[in-house]
2 protein chains.
Amino acid sequence: MDGSGAGRPPAASLAHRVPDLGALELLLAVARLGSLGGAARELGITQPAASSRIRSMERQLGVALVDRSPRGSRLTDAGALVTDWARRVVEAAEAFDAGAQALRDRRDSRLRVAASMTIAEYLLPGWLIALRSRRPDTAVSLLAGNSAVVAERLLAGEADLGFVEGLSVPSGLDSVVIAHDRLILVTAPGHPWARRRRPMSARELASTPLILRETGSGTRQVLDVALGGLARPLIELSSTTAVKAAAVSGAGPAVLSELAVGEELSLRRLVTVPVDGVALRRDLRAVWPTGHRPTGPARELLSLTRA
Amino acid sequence: MDGSGAGRPPAASLAHRVPDLGALELLLAVARLGSLGGAARELGITQPAASSRIRSMERQLGVALVDRSPRGSRLTDAGALVTDWARRVVEAAEAFDAGAQALRDRRDSRLRVAASMTIAEYLLPGWLIALRSRRPDTAVSLLAGNSAVVAERLLAGEADLGFVEGLSVPSGLDSVVIAHDRLILVTAPGHPWARRRRPMSARELASTPLILRETGSGTRQVLDVALGGLARPLIELSSTTAVKAAAVSGAGPAVLSELAVGEELSLRRLVTVPVDGVALRRDLRAVWPTGHRPTGPARELLSLTRA
DNA sequence: GCAGAGGCATAAGCTGGGTTTATGGCCGAG
DNA sequence: CTCGGCCATAAACCCAGCTTATGCCTCTGC
């Protein structure tokens with residue numbers, strides 16, 4: 001929701017209006033346990049600290065969040081709503097943490113993963129959260145790069161498991177398809193194309209100006225190949241986020257990875273336009289050096305991804 | 001990812017491992033502007049403060065995020081990845097803020113909205129963010145409740161615009177359909193049903209134990225009506241989140257609002273199972289007292305929702 | 001009834017992270 | 001070669017949040 005170059009933040013920045021992560025976590029714990037003191041114990045702080053923190057959060061938001069009674073605390077109606085919004089923030093923070101933790105340990109971790117950007121950005125954090133709940137003591141390290149980089153690291157023995165989203169599998173590697181990613185054509189719901197029911201043909205698509213990533217990006221390559229090198233840019237932007245923002249604002253139709261726009265679609269900020277006869281589906285694959293079938297934590301991670 | 005009663009947080013809580021919102025915002029500003037000082041100016045802090053904050057974030061994460069040079073700063077590869085994860089946290093925080101701000105002003109705001117829970121939880125924050133970018137000075141207040149409550153407030157003149165997701169429109173109100181929400185049948189990707197291609201019939205669905213919300217919840221009501229009051233619970237849980245968590249963990253198939261599982265679907269943590277001959281689609285409607293067609297900010301919000 | 005346990009609030013004192021102001025070094029442009 | 005933009009370091013300050021220490025309330029069980 002940024003990167004468009006417009007829209008400065010309104011006034012005092014977010015951080016002054018949104019409670020910090022600790023407070024949000026505390027609120028979730030209170031919701032789950034039904035008690036301030038219990039939540040405090042779970043987070044390893046004292047009961048007065050929890051009490052004061054919830055109170056200051058209520059002051060900050062201007063809304064009563066919990067009903068306190070001498071035998072426990074329940075969320076108010078507003079509190080339930082706030083807690084749901086808080087949960088989304090905390091989940092995003094968990095994904096951040098999982099990714100960052102993997103990025104941290106540069107070399108010597110037990111499980112070294114190399115992944116393409118799209119996978120590292122959208123899928124890997126979720127897998128790592130799941131992995132952590134099964135094998136809490138597995139340290140994972142992550143290296144992000146294109147298919148060639150992933151292959152190189154695997155073959156050099158510097159990574160145990162790789163993930164690529166290319167059209168072909170680099171030689172010297174075995175692979176399994178773990179999922180599919182489609183590039184999809186999307187527009188803002190107000191755009192004329194949004195109501196279109198007849199699928200768009202490849203020729204039609206190739207002859208229409210689109211909001212695109214810059215030439216050279218993985219997404220753009222796939223589209224160019226699928227259309228026969230013909231994609232016509234309406235605007236070229238240098239990040240997926242910028243493309244999304246432009247499309248949402250109604251600047252035009254865009255082609256993006258399904259993974260990148262899942263939320264926008266379910267919230268109807270964007271809608272898909274059917275396309276026919278264009279191979280916009282690409283495989284997401286786990287890869288490893290031929291022969292070196294994944295074992296141990298790598299095998300565990302792999303099984304999570306294929307779910 | 002919570003509410004399941006299992007899974008305690010690993011160790012030192014998230015807040016100690018994830019930079020605070022201010023730092024994440026700062027990182028986004030640096031990414032966008034290509035300069036620490038510039039980002040500092042935008043956020044209204046001094047350059048050394050920004051410098052130190054970015055540095056301490058790098059220390060915390062154990063990863064270099066920006067390449068500093070005497071003529072600007074660029075993100076490192078890892079920094080780009082971290083920034084993308086950070087953006088998701090900040091976006092969730094923006095939604096939180098938009099919702100909380102609306103919840104705050106109890107009575108006297110310029111635009112008073114009454115909405116059902118599902119809409120208030122998933123859709124409204126996004127609309128409010130959009131509204132704020134068009135009419136920055138419109139103060140919105142929010143009241144969440146079921147259809148009856150929404151109708152009552154509108155008719156009492158205590159709300160200007162309402163949103164309901166019921167099967168029928170309360171009498172005395174005019175309405176427009178602004179979107180559709182479907183209840184969908186979902187399972188973890190590993191579940192046998194995940195591979196099913198032939199749609200499931202209503203009878204089949206009614207005779208299979210499902211993970212469900214408790215009787216009385218809106219979602220459950222719709223399902224019971226659609227199936228003729230026959231839904232068989234495998235487990236009954238008291239929150240959408242708990243149902244999601246159970247389904248993701250493979251406990252069984254669940255029926256949930258499409259809005260609630262958008263992300264899980266695009267990340268393939270859940271997959272849909274086709275269902276046939278069951279009216280699981282429900283209208284989401286904007287409502288207002290008959291005759292009092294929305295004007296001013298209410299009209300603006302309404303137009304945003306129909307996009 | 002009464003005592004004990006569980007739950008929340010208030011008060012006082014401490015600590016640390018984040019800020020500011022002040023200053024210096026580095027690099028490219030004119 | 002000097003000026004301007006950008007970043008780093010140092011020192012002083014301030015406040016948010018934590019802890020410890022109490023007190024009050026309510027429900028339960030004897």
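All chains are named by letter (A, B, ...) in the order of the sequence lines, taking the proteins before the strands, and each is independently numbered beginning at 1. The structure displayed is predicted, hence computed values, not measured ones. Note: hydrogens, waters and symmetry copies are ignored here, and every other heavy atom, side chains too, is used.
- Between B:Arg74 atom CZ and D:dC7 atom C1' there is a gap of 15 Å when expressed in whole angstrom units.
- Comparing D:dT19, C:dT19, D:dG17 by their nearest atom to the side chain of A:Ile45 picks out D:dT19.
- For the pair B:Leu43 CG and C:dT20 P, the computed distance is 11 Å after rounding to whole Å.
- OP1 or OP2 of C:dG7 sits under 4.0 Å from a side-chain N or O of A:Arg41.
- Screening residues 110-146 of chain A for ring pair (Phe, Tyr, Trp, His ring centres under 6.0 Å), with sequence neighbours left out, gives A:Trp127-A:Phe163.
- We find that CG of B:Leu21 is positioned 18 Å from P of C:dG17, with the value rounded to whole Å.
- Ion pair B:Arg132/B:Asp97 flagged as a salt bridge, since at least one NZ, NE, NH1 or NH2 atom sits closer than 4.0 Å to an Asp/Glu carboxylate oxygen.
- Heavy atoms of A:Thr46 sit under 4.0 angstrom from at least one base atom.
- Under the 4.0 Å criterion applied to side-chain N and carboxylate O atoms, B:Glu236 and B:Arg213 are not assigned as salt-bridge partners.
- Residue B:Ser52 places no side-chain N or O under 4.0 Å from the OP1 or OP2 atom of D:dA8.
- When distances are taken from the side chain of A:Pro48 to each of C:dA9, D:dC7, C:dG7, the shortest belongs to C:dA9.
- With rounding to whole Å, A:His16 atom NE2 is found 11 Å from D:dA16 atom P.
- At least one side-chain nitrogen or oxygen of A:Arg68 sits closer than 4.0 Å to the OP1 or OP2 atom of C:dA9.
- Phosphate contact (OP1/OP2 of D:dC7, side-chain N/O of B:Ser51, threshold under 4.0 Å): absent.
- Spacing between atom CG of A:Leu36 and atom C1' of C:dT10 amounts to 14 Å, rounded to whole angstrom units.
- Within the 4.5 Å cutoff, side-chain heavy atoms of A:Leu256 are placed close to those of A:Thr240.
- The CZ atom of B:Arg59 sits 12 Å away from the C1' atom of C:dG18 (whole-angstrom rounding).
- Taking only side-chain nitrogens and oxygens, A:Arg55 comes nearer than 4.0 Å to OP1 or OP2 of C:dA9.
- A straight line from CD of B:Glu58 to P of C:dG17 spans 17 Å, rounded to a whole angstrom.
- A donor-acceptor contact shorter than 3.5 Å is absent between the side chain of B:Ser73 and the backbone of B:Val66.
- The existence of a salt bridge linking A:Arg88 and A:Glu263 is confirmed by a sub-4.0 Å separation between a basic side-chain nitrogen and an acidic carboxylate oxygen.
- Regarding B:Asp20, its CG atom lies at a distance of 6 Å from the P atom of C:dG18, rounded to whole Å.
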List the protein contact pattern of nucleotides 24-30 of chain C with one symbol per nucleotide (5' to 3'): B for base contact, S for sugar-phosphate-only contact, - for none; contact means a heavy-atom distance under 4.0 Å. --BS---

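- Checked by atom type and distance alone, the side chain of B:Gln101 never pairs as donor or acceptor with a backbone atom of B:Leu128 at under 3.5 Å.
- Counting non-hydrogen atoms under 4.0 angstrom, B:Ser73 reaches the backbone sugars and phosphates but no base.
- Residue contacts for A:Asp67: at a heavy-atom cut-off of 4.0 Å it reaches no nucleic acid atom on any strand shown.
- Ion pairing between a basic and an acidic side chain is recognised when a charged N comes within 4.0 Å of a carboxylate O; A:Glu158 and A:Arg112 show no such pairing.
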